[in-house]
Undergrad: 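After the structure tokens below, expect a handful of questions from me.
Quick note: numbers below take in every heavy atom, side chains included, and nothing from hydrogens, waters or symmetry partners.
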Amino acid sequence: MSSQGYAGQTRMSSAPISNADSRSEDSYNLHFNSCPNALLDDLASRYDVIDSLNELDAEDNNPTLILTTVAKLLSTLSKAVHEYICAENPGRLRDGLDKPILFVLYESADHADAVWKGLGPPQVVGMQQFSTLSEYCVTGEDNVRYINVPLHRLETLVEAKALCGPENRPQAESYSSVFLEACPDRIGLYGLSVHWHGWSMHYADSTGMLISPMYRWEASQLGRLATYLHSVYIPPRRHYARDPTISWDISRGERQALQMIKVDDENFPIARTLFPGYIGRKRTTIYIAGRGTRGYQAIIKDCYLGLLEGYEEPRILKHIHSQGFVPGVVRLARKELVEFFDGERAAYIETVRPEYNACAKHRMILADMGESWLLAKSVNDLLMAVYDVLEVHRTLAVHAKILHRDISIGNVLMYPKYAPCANHMVMEDAPLLIDDVLADEPRLPEQRIARCLLIDFDLALSIAENRDPGSLRRALRTRVGTPSFVSRAAAVGRVLYTKHYPLPMPLLSDEAKRMYVHAYGQERYDKYCDGIGMCHGGVPAEPAGISRSVGTTQSSIPYQHRWEYDVESVYWTLYSVLLRVLPRGFSETPETDSALQQYWEILIWHQFFRSDRHVNLPQDTRSALLDCDLEAFLKPFPPIMQDVACLLYDMAQHVRIPYASMAELPEHNDHLHEAVQRLILEYLVRHKDDPIFLTPGELRIGDAPSAVAEYFDSESDSESDVVIVNTTDPEEGLEDSSEPEAAETSDVDDSDPALLKGSWSYLYFGAQYTIGEEEV
């Protein structure tokens, strides 16, 4: 099995995530806290400091000697800075810094340690001095090294990749990124990069990284070096080393230290980080929290947002469920603004990216969670979840006027677990889902539980008719998404040229049509069927053999987000999963493995196109995966999965068409939803009794995610269905004693601050809260 996986796959907009102006004096002054003159004068008069600088400036061929001298110099400066702060402003020292930060040579027991993601550990670290530090010390022939010091004890990193050979470059951004990803309690990180005869300093936060010019090891640059250390101890205003609501519990020892997160005055141990927070823009992080001080669990989401951006996700989720629970969409229980303390309470953070100005850290508690599609137990289970995702997505677009715009492997889940709710309402027109179509009789609205869970709506967009047209037009032209799964038009920024002629809407076989009509009615089936000369309810530009002039016209159509672009994201997500899942009993062959590697590389390294980087790439690089013939399309898939791969190929024939360039646009915006759902239904009817069983926890390529259920003990387990309860006393047991009534249609009242209404007994995090009277 190959160990390749998603490398740095993060949600992004079309704007590049780049460093701030690294040579801007204003940026330097904003993000670094200058060393006091009195301290600097003292340092400049010390012979040991000047001698170390001279040694470093002269040394040009011994990396080990350079690093040893760097560690000694920084420890000397650190001690002097610490003594100065203790004398002048002792109240500013954080917990754990009662002693000076010690700089040491650092190693990892395993060079490919998962924390550092193949980079190897940083060569020097600045760490706290704690009682059991000696346990990590190893004395060598010519130096002293420290191995596997716990991450929560590290305060700053010093990387020296440039000393490892002429082909190596500084890796400051990579080290900062993986460290902040592994330590969600860290808000920002100061560090150094060591070069031959010089050094540079840097600061990283949620939005990116600031890197200084390179300075020589000279006494004239001592002020810069002292400023770096002073900033580590006392960051500038609105810069914070750590989040005070995330702490480390070392009661079981340093090696078993457990992160704790505080929400609404309750402390939860972090059992697992579901989605790590990468450097860049929002640094969204999602945790599964273990049992807190009140004995309950939680799903927690953190993200950073600029002050001018607003926090749309809570408002959108409130709007979605305002007319009653919408099956298949996550619910939000609580939101709060994380506060920091640097002499006075503040919630804002100065960021590296000047266009974001200050950021605020937001925290949400989610009421529901599910499993990754990569943990599907069978192909049929997976396809049923996909069907429901499409039905839920079109329901949101039609009824709530919401487009998700970021469907990806991390944002669509299956095998959902829903928090129980007492006396809640279900939307009046709850969609009929795949279980309703395959069953003899559709379920009642309050019984319709989706096989999917759609989460992460922070890039979602309201397309309500009462929205300002200019604002809506600008929003629709903004390219957002996750690189491997975003639609080709969004990735390139325009309608793509294609020579393919659109196919008509798929027709269903007798049995599949009977089930469809029994569930949805003949009117819906006929609504999407094509007349003569029509495809998907529209009229193609011209017959097969499209001319160059038509291609030119297509390429000139500006990008504007369309409903079918989210369907294409569903397709790429399904493609990536079917490519990777392992059928039970299958052994890889050289032929399938070779094709798998090639196709996976195309998908995993896909990027948003930028005019300054991709001027010679007129098409999306994934187009080859859509445009190849059937024989080539099937090559990476195991023999037992050839039929489902043919289904995927049939989907591709509909997904690859640029419907925005048709002579007459499709009449219905959800035409591609309908086409793909019909294909899935046809497959499920045909394979109802012969599902392809998979091996959850094992993949053909990449690392398999852990099951969410593993992190909830038996007291938190529940069936996947919503549990309906009718009790107002939190001490009473939960019982299925009443069913909710469907909500009557009414206008959304955005003045009500409550996120959810009803008496909720949250599955993971506590006794009942009555929501609706106050914001939670």
Side-chain angles (χ1 to χ4, degrees), residues 373 376 379-394 407-409 412 414 434 437 451-452 484-491 496 498 500-509 512 516 528-530 535-538 562-581 599-600 602-603 606 620 622-638 641-659 666 668-687 692:
W373 284 7
V379 168
N380 281 15
D381 280 1
L382 175 62
L383 292 176
M384 293 172 81
V386 175
Y387 186 100
D388 280 0
V389 163
L390 293 169
E391 190 65 31
V392 170
H393 183 274
R394 68 200 294 188
I407 291 177
S408 66
I409 191 63
V412 284
M414 63 189 305
I434 187 61
V437 178
R451 286 181 173 259
C452 67
S484 287
F485 311 103
V486 71
S487 70
R488 292 159 299 145
L496 295 176
T498 178
H500 303 294
Y501 194 74
L503 298 179
M505 182 64 62
L507 299 177
L508 295 174
S509 64
Y516 181 105
Y528 295 97
C529 289
D530 292 317
C535 298
H536 281 240
R562 295 174 55 85
W563 294 23
E564 62 248 26
Y565 294 162
D566 279 357
V567 180
E568 183 176 340
S569 292
V570 173
Y571 171 84
W572 288 120
T573 304
L574 176 61
Y575 183 94
S576 74
V577 173
L578 288 176
L579 204 61
R580 303 173 68 191
V581 291
Y599 287 39
W600 179 244
I602 293 174
L603 185 64
H606 177 262
D620 188 284
R622 296 167 302 174
S623 293
L625 302 179
L626 289 171
D627 294 342
C628 60
D629 59 34
L630 179 60
E631 181 181 359
F633 191 95
L634 297 178
K635 280 187 176 180
F637 296 97
M641 294 183 67
Q642 294 295 291
D643 205 10
V644 70
C646 286
L647 166 66
L648 202 59
Y649 178 82
D650 290 340
M651 291 182 189
Q653 310 315 299
H654 293 269
V655 167
R656 68 185 182 179
I657 303 301
Y659 296 97
H668 305 292
N669 288 321
D670 57 351
H671 65 95
L672 193 54
H673 296 74
E674 179 74 13
V676 174
Q677 285 180 281
R678 287 189 182 190
L679 293 172
I680 291 174
L681 176 60
E682 190 68 58
Y683 177 93
L684 290 173
V685 170
R686 197 166 64 248
H687 293 276
I692 301 170

Undergrad: Would you please test Asp620 and His606 for side-chain contact (heavy atoms from CB on, under 4.5 Å) and show each step?
TA: CA-CA 8 Å; Asp620 188 284; His606 177 262; 2.7 Å; yes
Undergrad: May I ask you to test the His500-Asp627 pair for a side-chain heavy-atom distance under 4.5 Å?
TA: yes
Undergrad: Salt bridge check: are Asp670 and Arg394 linked by an N-O gap of less than 4.0 Å?
TA: yes
Undergrad: Please find the pair of heavy atoms, one from Ala645 and one from Leu634, that lie closest to each other, and give the distance.
TA: CB-CD2, 3.5 Å
Undergrad: What is the ring orientation for Tyr575 with Trp572, classed by angle as parallel under 30°, tilted 30 to 60°, or perpendicular over 60°?
TA: perpendicular
Undergrad: Establish, for the pair Arg678 and Tyr516, whether the NZ or CZ atom is under 6.0 angstrom from the six-membered ring centre and no further than 45 degrees off its axis.
TA: yes
Undergrad: I need the minimum non-hydrogen distance between Ser569 and Ser487, along with the two atoms involved.
TA: OG-N, 3.8 Å
Undergrad: I'd like to know if the side chain of Asp566 reaches the main chain of Ile407, judged simply by a donor and an acceptor atom lying under 3.5 Å from each other, with no hydrogens or angles considered.
TA: no
Undergrad: As a quick check of understanding, evaluate side-chain contact (heavy atoms from CB on, under 4.5 Å) for Leu647 and Met651, giving each step before the final call.
TA: CA-CA 6 Å; Leu647 166 66; Met651 291 182 189; 3.8 Å; yes
Undergrad: How long is the span from the CZ atom in Phe485 to the CZ atom in Arg622, to the nearest 0.5 Å?
TA: 9.5 Å
Undergrad: Enter the distance from Tyr683:OH to Leu383:CG here, rounded to the nearest 0.5 Å.
TA: 6.5 Å
Undergrad: Specify the closest pair of heavy atoms between Leu672 and Glu564, including all atoms of both residues, with the distance to one decimal.
TA: CD2-CB, 3.5 Å
Undergrad: Please name the pair of heavy atoms, one in Leu603 and one in Ser576, separated by the smallest distance, quoted to 0.1 Å.
TA: CD2-CB, 3.4 Å
Undergrad: Would you call Leu579 and Pro636 a side-chain contact if the rule is heavy atoms closer than 4.5 Å?
TA: yes
Undergrad: In Å and rounded to the nearest 0.5 Å, what is the CG to CD distance from Leu390 to Gln677?
TA: 5.0 Å
Undergrad: Testing the basics here: between Arg451 and Asp388, what is the closest heavy-atom pair and its distance to 0.1 Å?
TA: N-OD2, 2.9 Å
Undergrad: Over 60° means perpendicular and under 30° means parallel, so classify the ring planes of Tyr659 and His536, tilted if in between.
TA: tilted
Undergrad: Can you tell me how far apart CD1 (Ile434) and CD (Glu391) are? Round to the nearest 0.5 Å.
TA: 9.5 Å
Undergrad: So how far is it from Ile680 CD1 to Leu382 CG, rounded to the nearest 0.5 Å?
TA: 8.5 Å
Undergrad: Begin from the C-alpha positions of Val567 and His654 and carry the test side-chain contact (heavy atoms from CB on, under 4.5 Å) through to its verdict.
TA: CA-CA 10 Å; Val567 180; His654 293 269; over 6 Å; no
Undergrad: What pair of heavy atoms forms the shortest contact from Glu682 to Leu508, and how long is it?
TA: OE1-CA, 3.4 Å
Undergrad: For the SG atom of Cys646 and the CG atom of Leu679, what is their distance to the nearest 0.5 Å?
TA: 12.0 Å
Undergrad: Does Val570 form a side-chain contact (heavy atoms from CB on, under 4.5 Å) with Val676? I'd like the steps, not just the answer.
TA: CA-CA 10 Å; Val570 173; Val676 174; over 6 Å; no
Undergrad: Tyr649 pairs by ring-ring contact (aromatic ring centres under 6.0 Å, His included) with which of Tyr571, Phe637, Phe633?
TA: Phe633
